[in-house]
There are 2 protein chains.
Amino acid sequence: MDELDSAIVRLLQEDARQSNRDIARKVGIAASTCLERIRLLRKRGVIRGYHADIDLGALNRGVQAIVAAQIRPLSRDVVDSFERSVAQLPEVLSVFTIAGSDDFLVHVSAQDIDHLHAFLLDRFTSRREIVGFRTSIIYQHLTKQVLEPLPDPHH
Amino acid sequence: MDELDSAIVRLLQEDARQSNRDIARKVGIAASTCLERIRLLRKRGVIRGYHADIDLGALNRGVQAIVAAQIRPLSRDVVDSFERSVAQLPEVLSVFTIAGSDDFLVHVSAQDIDHLHAFLLDRFTSRREIVGFRTSIIYQHLTKQVLEPLPDPHH
DNA sequence: CATGAAATTATTTACCC
DNA sequence: GGGTAAATAATTTCATG
């Protein structure tokens, strides 16, 4: 990850569909060189994928919430199975497994408040491993699309 | 948003860099038709952008946390200015503005625990509008890259 | 008016310096 | 890292139902 790689990664975070030729021109290298660098970044796992960012409203997902859940027992089996089964529910956007008084934060979206309520009643209230959960409606979610590398901690 | 649009949106969420020709072939329409549909989806704001997903470790961001913050007063000025200034800190990945006992959840990443601690001391402890915050280390974060449309609530 | 086929223009990619 | 040429893709035009 030298300066050229960082510049390429930044440009692909901004717009993953711009042409390799454009990226090459912006960072000041030949298209063939740029293509090879992108291929290596992908192979090394630095670039994990390219994804379209879709408006949640257009997917009938106008209401978002964060559900803070506590589960017991905190055994590997119960934790792993909770993560996997919750992540595959259609309403779930992401699952944070965290330290602290809550065990998980689950980011969910639904058509409206009624569907959110029904979802929580059907999928959370009934789960035996969940000993408690609190739901917070999300008014706004700002996401940074372009992340800069942080300074190397060894320098 | 008919079935064809949904199929195109799903494919672009899976891999935003696949060619228009491949997408057209997979959904069973002509390339020109597909290109026009994608253009309209973009114009209508259904597709908000295309972004490379980068490994946080490669960006020297190996440690993630969620900071739940309470601020006062909860006036528009203070809320707006908190959102904007926090979102532009390099360590911040996203900011949730929420209802409930906490006012914000801030998703952050840093090089390591020491840098996370320094970041919180420098950027949170010192802010006058913050009346309290709790930090939870993230062990794991599962994100769904492909979101299906939810059933229309009117039907 | 949306679709699809063909022609033109542009980009990607493999190979060698 | 760069240059070139063949393969591939994007884009425009225009005919069709």
Side-chain angles (χ1 to χ4, degrees), chain A residues 1-61 145-152 154-155, chain B residues 1-55 57-60 145-152 154-155:
Chain A
M1 279 294 272
D2 59 9
E3 282 306 312
L4 284 178
D5 284 338
S6 291
I8 291 168
V9 161
R10 181 171 45 73
L11 289 168
L12 283 171
Q13 286 182 94
E14 280 170 10
D15 178 6
R17 259 184 102 80
Q18 64 189 308
S19 71
N20 174 68
R21 189 171 157 277
D22 283 353
I23 298 168
R25 185 175 43 74
K26 288 174 189 169
V27 307
I29 58 178
S32 55
T33 306
C34 188
L35 198 70
E36 180 62 10
R37 282 194 177 245
I38 292 175
R39 180 177 303 155
L40 288 173
L41 287 166
R42 193 77 159 93
K43 190 174 167 190
R44 282 158 49 202
V46 172
I47 298 171
R48 310 204 320 165
Y50 306 100
H51 308 286
D53 176 21
I54 308 299
D55 178 70
L56 290 179
L59 296 175
N60 290 323
R61 292 167 174 274
Q145 299 296 359
V146 180
L147 299 175
E148 300 291 337
L150 295 180
D152 192 315
H154 306 304
H155 292 51
Chain B
M1 278 296 272
D2 60 9
E3 282 305 314
L4 284 178
D5 284 338
S6 291
I8 290 169
V9 162
R10 182 171 46 73
L11 289 168
L12 282 170
Q13 286 183 93
E14 280 171 9
D15 178 7
R17 260 185 100 78
Q18 65 188 308
S19 72
N20 174 67
R21 190 170 153 275
D22 282 354
I23 296 168
R25 186 175 43 74
K26 286 175 188 168
V27 307
I29 57 178
S32 59
T33 306
C34 189
L35 201 68
E36 180 62 9
R37 280 189 178 251
I38 292 175
R39 183 175 298 154
L40 287 173
L41 287 166
R42 192 78 161 91
K43 190 174 167 190
R44 283 159 48 203
V46 172
I47 298 172
R48 311 203 319 165
Y50 307 100
H51 307 287
D53 175 22
I54 307 299
D55 178 70
L59 298 174
N60 290 323
Q145 299 296 0
V146 180
L147 299 175
E148 300 291 335
L150 294 181
D152 193 314
H154 305 305
H155 292 50

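Please read all numbers here as calculations on a predicted model, not as lab measurements. The sequence lines fix the lettering, A, B, ..., with proteins before strands; numbering per chain opens at 1.
Checking side-chain atoms of A:D53 against main-chain N and O of B:Y50 turns up no donor-acceptor pair under 3.5 Å. A:D55 places no side-chain N or O within donor-acceptor distance of the main-chain N or O of B:V46, the cut-off being under 3.5 Å.
Look at B:S32 and you won't find any side-chain N or O under 4.0 angstrom from OP1 or OP2 of C:dG4.
Backbone-only engagement by A:L4 is indicated by non-hydrogen atom pairs under 4.0 Å involving sugar-phosphate atoms exclusively. Note on A:I29: only backbone sugar-phosphate atoms sit closer than 4.0 angstrom, heavy atoms only; bases stay farther off. Across all strands shown, B:R39 has heavy atoms under 4.0 Å from sugar-phosphate atoms exclusively, and none from any base.
The CZ atom of B:R37 sits 9 Å away from the P atom of C:dA2 (whole-angstrom rounding). A straight line from CG of A:D22 to P of C:dT11 spans 7 Å, rounded to a whole angstrom. Atoms CD (B:E36) and P (C:dT3) sit 9 Å apart, rounded to a whole Å. Across the protein-nucleic acid pair, B:I38 atom CD1 and D:dA10 atom C1' stand 11 Å apart, rounded to whole Å. Straight-line distance from the CG atom of B:L35 to the P atom of D:dC14: 18 Å, rounded to whole Å.
Scanning all heavy atoms of the two residues, the minimum distance from B:R37 to B:D5 falls at NH1-OD1, 3.1 Å.
Checking A:G28 against B:A31, the closest nucleotide of DNA chain D that is more toward the 5' end is the one next to A:G28.
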Quiz prompt | Verdict with supporting geometry, B:R44 and B:M1, side-chain contact (heavy atoms from CB on, under 4.5 Å) | solution = CA-CA 10 Å; B:R44 283 159 48 203; B:M1 278 296 272; 3.7 Å; yes

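Using a 4.5 Å heavy-atom cutoff, the side chains of B:Q18 and B:K26 are in contact.
Sorted by residue number, the members of residues 14-21 of chain B with any non-hydrogen atom under 4.0 Å from DNA chain D read B:S19, B:N20, B:R21.
A salt bridge does not link A:D22 to A:R17: none of the charged nitrogens lies less than 4.0 Å from a carboxylate oxygen.
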